[in-house]
Number of protein chains: 2
Amino acid sequence: MASDAHTYTDTDTDGFDGLAFDVFSRACPSRSTLEHVTGRWGGLTIGALYEESLRFNELRRRVDGVSEKMLSQTLHALERDGLVLREAQPVNPPRVDYELTPFGREVAEKLLGLIHCVEGRMDEVLASRARYDEARGGR
Amino acid sequence: MASDAHTYTDTDTDGFDGLAFDVFSRACPSRSTLEHVTGRWGGLTIGALYEESLRFNELRRRVDGVSEKMLSQTLHALERDGLVLREAQPVNPPRVDYELTPFGREVAEKLLGLIHCVEGRMDEVLASRARYDEARGGR
DNA sequence: CCGCATCCCCAAGGATACTG
DNA sequence: CAGTATCCTTGGGGATGCGG
């Protein structure tokens, strides 16, 4: 049942004309990991965990808008890919901490680089949008 | 017609409730740009354009699996955000070139950094997945 | 508190046909 | 070639309820 978040869409593996790892190909295995990382919630989750190790509900509060289900799914996919470490402590009430693995931290840094790059240029983006919308009136 | 027929369907709720720039917040305007960049087709499109300027159908062939509709939508979103430049030449048959803006190239570099980081560690990822799946049997 | 299972709906997105 | 308009399907993902 953990099967949905990572179906590799191996629909047409017929080709393979010698290029094993082409990110642009549907069959490329890294594409699924990339999707987990850059997906709607993956990036935000990783970003949150980069700052500090967090528990499930802390994470849920930090990542604004994520549902319990999606957070759970996201964490599983990231854990499976080796980006996140899940540490369940056998206490009562249950306590589970999530933290990034070294690989996860590396990915997080790249990701944060991207985020800051975009954030630092948001004024440009906003201006560009205004221009674009202007040019095509109220359509 | 149309007001919302092709509003690029983002959940661009850039509401601007006057709050600061917290990427983790739903209201953060950069989140929508990030989604365009890291979305299913955004990243691959940018990646393809980083290598060379391309025409519509060249792009379509390069980005394996993208439909005409989605490519069109993606390009519009990226153009609007100021990441992609659209150059239509008034010739017959029509010729339109897409290329990255300087900002687009900057973003592309960050993105490629991420991609290479992940690709370079795919063996780890695959191993981690195997371990994970092992641990929870054939479920 | 942690989180899986179920139901269900809506919008992302694929296929197709058509225009300039 | 370079798209737009339309229809239709699929699964992403929200809401809720239960079990450990």
Side-chain angles (χ1 to χ4, degrees), chain A residues 1-9 11-12 26 32 35-36 38-42 44-45 53-80 84-99 136 139, chain B residues 1-13 26 32 35-36 38-45 53-80 84-99 136-137 139:
Chain A
M1 300 349 180
S3 55
D4 50 8
H6 40 265
T7 46
Y8 305 129
T9 58
T11 47
D12 55 344
R26 267 185 283 198
S32 62
E35 271 168 23
H36 298 155
T38 62
R40 180 122 178 255
W41 304 116
L44 295 167
T45 302
S53 172
L54 289 170
R55 302 175 60 180
F56 190 82
N57 281 321
E58 288 172 338
L59 213 40
R60 195 153 133 57
R61 258 170 272 125
R62 189 73 228 267
V63 180
D64 190 25
V66 71
S67 71
E68 200 174 79
K69 179 184 167 186
M70 290 322 297
L71 181 56
S72 180
Q73 248 181 46
T74 300
L75 285 169
H76 275 299
L78 295 177
E79 187 195 353
R80 194 172 102 103
V84 160
L85 196 62
R86 180 180 184 277
E87 277 177 306
Q89 295 169 42
V91 299
N92 197 311
R95 176 183 181 100
V96 181
D97 285 279
Y98 291 93
E99 64 178 311
R136 23 205 93 190
R139 237 172 16 225
Chain B
M1 61 172 249
S3 31
D4 56 353
H6 67 294
T7 43
Y8 317 134
T9 57
D10 353 57
T11 339
D12 268 353
T13 349
R26 265 184 286 198
S32 61
E35 272 167 22
H36 298 155
T38 62
R40 180 124 177 251
W41 305 116
L44 295 168
T45 303
S53 172
L54 290 169
R55 302 173 60 178
F56 191 83
N57 281 321
E58 289 173 337
L59 214 39
R60 195 154 134 53
R61 258 170 273 124
R62 188 76 228 265
V63 180
D64 189 26
V66 72
S67 70
E68 209 171 72
K69 179 186 164 187
M70 290 321 296
L71 181 57
S72 178
Q73 250 182 35
T74 300
L75 285 169
H76 275 300
L78 294 177
E79 188 195 353
R80 193 172 100 104
V84 161
L85 196 61
R86 179 180 184 278
E87 276 178 306
Q89 295 169 42
V91 299
N92 197 313
R95 177 184 181 98
V96 180
D97 285 278
Y98 289 93
E99 64 179 310
R136 22 204 95 189
R139 241 150 27 194

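Quick note on labels: first sequence line is chain A, next is B, and so on, each numbered from 1.
- Within residues 63-72 of chain A, the residues that place at least one heavy atom under 4.0 Å from DNA chain D are, in residue-number order, A/Ser67, A/Glu68, A/Lys69, A/Met70.
- Residue A/His76 places no side-chain N or O under 4.0 Å from the OP1 or OP2 atom of C/dG3.
- Here A/Arg55 reaches the OP1 or OP2 of C/dC2: one of its side-chain N or O atoms lies under 4.0 Å away.
- Salt-bridge check for A/Arg26 with B/Asp64: passed, with a basic side-chain N closer than 4.0 Å to an acidic carboxylate O.
- B/Asn57 has a side-chain polar atom (N or O) that falls below the 4.0 Å cut-off from OP1 or OP2 of D/dA2.
- Across all non-hydrogen atoms, the minimal contact from A/Arg60 to A/Glu68 is NH1-N, 3.4 Å.
- Closest approach of A/Arg55 to A/Glu58, counting heavy atoms only: N-OE1, 2.8 Å.
- Distance CD (A/Gln73) to P (C/dA5): 11 Å, rounded to an integer number of Å.
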query = Should A/Leu75 and A/Leu59 be marked as a side-chain contact (heavy atoms from CB on, under 4.5 Å) after you check the CA-CA gap, both sets of side-chain angles, and the distance that decides it?
reply = CA-CA 10 Å; A/Leu75 285 169; A/Leu59 213 40; 3.9 Å; yes

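- Residue A/Thr45 holds its OG1 atom at 11.5 Å from CZ of A/Arg62, rounded to the nearest 0.5 Å.
- Looking at A/Ser53, its side chain does come within 3.5 Å of a backbone N or O of A/Tyr98 through a donor-acceptor pair.
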query = Would B/Leu54 and B/Asp97 count as a side-chain contact (heavy atoms from CB on, under 4.5 Å) if you check the C-alpha gap in whole Å, the side-chain angles of each, and the deciding distance to 0.1 Å?
reply = CA-CA 6 Å; B/Leu54 290 169; B/Asp97 285 278; over 6 Å; no

request  = Give the intermediate values and the outcome of side-chain contact (heavy atoms from CB on, under 4.5 Å) for residues B/Leu85 and B/Glu79.
outcome  = CA-CA 6 Å; B/Leu85 196 61; B/Glu79 188 195 353; over 6 Å; no

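- The nearest whole Å value for the distance from the CD atom in A/Glu87 to the P atom in C/dC2 is 14 Å.
- Remark: P of D/dG13 and CG of A/Leu44 are 12 Å apart, rounded to the nearest angstrom.
- Regarding contacts with the backbone of D/dC1, every side-chain N or O of B/Tyr98 stays at 4.0 angstrom or more from both OP1 and OP2.
- Note: CG (A/Leu75) to P (D/dG13) measures 14 Å, nearest angstrom.
- A/Arg86 comes within 4.0 angstrom of the backbone, heavy atoms only, and of no base.
- At its two ends the helix from C/dC1-D/dG20 to C/dG20-D/dC1 runs along axes set 50° apart, each axis drawn from five pairs and the angle rounded to 10°.
- Atoms CH2 (A/Trp41) and P (D/dG13) sit 8 Å apart, rounded to a whole Å.
- The side chain of B/Arg40 contributes an N or O atom lying less than 4.0 Å from OP1 or OP2 of C/dG14.
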request  = Report the C-alpha separation of B/Leu71 and B/Trp41 in whole Å, then their side-chain angles, then the decisive distance to 0.1 Å, and conclude whether the side-chain contact (heavy atoms from CB on, under 4.5 Å) test is met.
outcome  = CA-CA 7 Å; B/Leu71 181 57; B/Trp41 305 116; over 6 Å; no

